[in-house]
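Sequential numbering from 1 along the given sequence is applied to the chain's residues. In listed order, ligands and their atoms are each counted from 1. This is a predicted model, so every value here is computed, not measured.
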Amino acid sequence: TGRTRPERLLQYLQKNGTRGDANNVVDTIDRFCGTVEWAMNVGGEKGKIVDKVVLETNPGTVLELGTYCGYSAVRMGRLLAPGSRLITLEMNPAYAKVAKEVIAFAGLDKQVEVLVGSTTELIPQLKKKLDIDTFDMIFLDHWKQSYLPDTKLLEECGLLRKGTVLLADNVICPGTPDYLQYVRSSPKYLSQHFPSVLEYTNAPDGLEKSVYLG
Ligand SMILES: O=C(NC/C=C/[C@H]1O[C@@H](n2cnc(C(F)(F)F)c2)[C@H](O)[C@@H]1O)c1cc([N+](=O)[O-])cc(O)c1O
Ligand SMILES: [Mg+2]
């Protein structure tokens, strides 16, 4: 009966999930998307790669571009060390509202903060607004044509440091050709591709991990 897909996803979670259990929230959303209604969460297969990169990086500060329903914010937030922070940007207020409820349901509302607005508006304000100097990790999963301009904006705003890990979803499907070309050819990045499949399907997709060299 939820009017939108995010609302239906949230209703399914509230009915079938275990409040306060972030692992269960991830599995419950994956079950909804695998059996009831596809949604553009990074999903279980690519999610295992995200988990590995988060655990290896052990970031104190994470910036996510594109919250949607909060699935990847919960997926990454559940692996962060106490005191670490994940900031996630969402420009659609209705999606942000659902995401905040999903994140609270998972018990991660202390570690994860949802900011509503566009990257061009929010990224230049982050240092002041959050008292954060640089991010240890960036997860890109918003509009695919925004990955490249927003990466350049992050560089210009001094939000990246030597070693910051950029992890980008969907570099194969729907694809982010200009971003891929940039991070693979620029001397400022060391990039590695992780082939996988598009969430809840067997279509080819992949993640790109790019370390900023400063
Ligand atoms: O289009 C896809 N994702 C676009 C994702 C878009 C999401 O990012 C938000 N956003 C936009 N700007 C901002 C910021 F940062 F400015 F605040 C946040 C949008 O409101 C939306 O919730 C996609 C599509 C497929 N697919 O199979 O078609 C599969 C996927 O995994 C995908 O991520
Ligand atoms: Mg995606």
Side-chain angles (χ1 to χ4, degrees), residues 2-10 26 29-30 32-34 37-51 53-54 62-76 86-103 112-126 129-130 132 135 137-157 159-160 166-180 193-210:
R3 285 177 310 289
T4 68
R5 180 168 308 183
E7 284 168 339
R8 291 193 292 272
L9 181 150
L10 175 61
V26 167
I29 294 174
D30 282 337
F32 174 77
C33 298
E37 209 174 341
W38 187 92
M40 59 181 176
N41 314 124
V42 73
E45 286 311 306
K46 289 186 288 181
K48 288 190 188 80
I49 300 167
V50 173
D51 290 357
V53 173
V54 170
V62 183
L63 175 66
E64 173 181 68
L65 306 181
T67 317
Y68 190 45
C69 296
Y71 173 90
S72 45
V74 168
R75 183 143 204 146
M76 294 188 285
L86 189 151
I87 312 301
T88 179
L89 309 189
E90 176 49 60
M91 67 188 300
N92 179 319
Y95 292 171
K97 181 176 180 301
V98 166
K100 285 176 184 172
E101 295 189 47
V102 169
I103 291 158
V112 176
E113 185 173 358
V114 182
L115 299 182
V116 184
S118 71
T119 44
T120 44
E121 171 209 336
L122 290 172
I123 286 178
Q125 294 175 17
L126 291 178
K129 205 178 169 82
L130 300 168
I132 283 178
F135 286 99
M137 182 171 172
I138 313 284
F139 183 60
L140 299 95
D141 193 20
H142 61 328
W143 305 135
K144 306 316 158 193
Q145 71 280 5
S146 299
Y147 282 26
L148 181 52
D150 288 343
T151 295
K152 290 181 174 171
L153 183 58
L154 288 166
E155 291 176 15
E156 284 151 21
C157 294
L159 287 163
L160 308 181
L166 278 69
L167 187 63
D169 188 26
N170 309 119
V171 297
I172 305 301
C173 174
T176 63
D178 58 344
Y179 172 81
L180 266 194
H193 185 66
F194 294 87
S196 184
V197 289
L198 181 69
E199 53 266 28
Y200 319 114
T201 77
N202 51 22
D205 190 11
L207 299 167
E208 190 83 0
K209 174 189 172 188
S210 306

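For a distance bound of 2.8 Å, the N, O or S atoms of M40 include none lying that close to the Mg ion (ligand 2). At least one N/O/S atom of D169, whether from backbone or side chain, sits less than 2.8 Å from the Mg ion (ligand 2).
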Does the side chain to side chain contact (heavy atoms under 4.5 Å, CB included) test come out yes or no for V74 and I29, once each step is laid out?
CA-CA 11 Å; V74 168; I29 294 174; over 6 Å; no

So D30 and Y200, side chain to side chain donor-acceptor pair (under 3.5 Å) or not? Walk me through it.
CA-CA 8 Å; D30 282 337; Y200 319 114; 2.7 Å; yes

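Applying the side chain to side chain donor-acceptor pair (under 3.5 Å) criterion to K97, with sequence neighbours excluded, gives E101. For T151, there are no side chain to side chain donor-acceptor pair (under 3.5 Å) partners, not counting sequence neighbours. Looking at residues two or more places apart in sequence or on another chain, you find a side chain to side chain donor-acceptor pair (under 3.5 Å) between E155 and Y182, K188, Y189.
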When you check ligand 1 against the protein, what N or O pairs turn up below 3.5 Å? List the atom names and distances, or just say none.
{"from": "ligand 1", "atom 1": "3 (N)", "to": "K144", "atom 2": "NZ", "distance (Å)": "3.3"}
{"from": "ligand 1", "atom 1": "20 (O)", "to": "E90", "atom 2": "OE2", "distance (Å)": "2.4"}
{"from": "ligand 1", "atom 1": "22 (O)", "to": "E90", "atom 2": "OE1", "distance (Å)": "2.8"}
{"from": "ligand 1", "atom 1": "22 (O)", "to": "E90", "atom 2": "OE2", "distance (Å)": "3.3"}
{"from": "ligand 1", "atom 1": "31 (O)", "to": "D169", "atom 2": "OD2", "distance (Å)": "3.2"}
{"from": "ligand 1", "atom 1": "31 (O)", "to": "N170", "atom 2": "OD1", "distance (Å)": "3.0"}
{"from": "ligand 1", "atom 1": "31 (O)", "to": "N170", "atom 2": "ND2", "distance (Å)": "2.7"}
{"from": "ligand 1", "atom 1": "31 (O)", "to": "E199", "atom 2": "OE1", "distance (Å)": "3.4"}
{"from": "ligand 1", "atom 1": "31 (O)", "to": "E199", "atom 2": "OE2", "distance (Å)": "2.5"}
{"from": "ligand 1", "atom 1": "33 (O)", "to": "D141", "atom 2": "OD1", "distance (Å)": "2.9"}
{"from": "ligand 1", "atom 1": "33 (O)", "to": "K144", "atom 2": "NZ", "distance (Å)": "2.9"}
{"from": "ligand 1", "atom 1": "33 (O)", "to": "N170", "atom 2": "OD1", "distance (Å)": "2.9"}

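In this structure, H142 has its ring center closer than 6.0 angstrom to the ring center of Y147.
L126 contributes atom CG, which lies 8.0 Å from atom SG of C157 (distance to the nearest 0.5 angstrom).
Restricting D141 to its N/O/S atoms, the shortest distance to the Mg ion (ligand 2) is reached by OD1.
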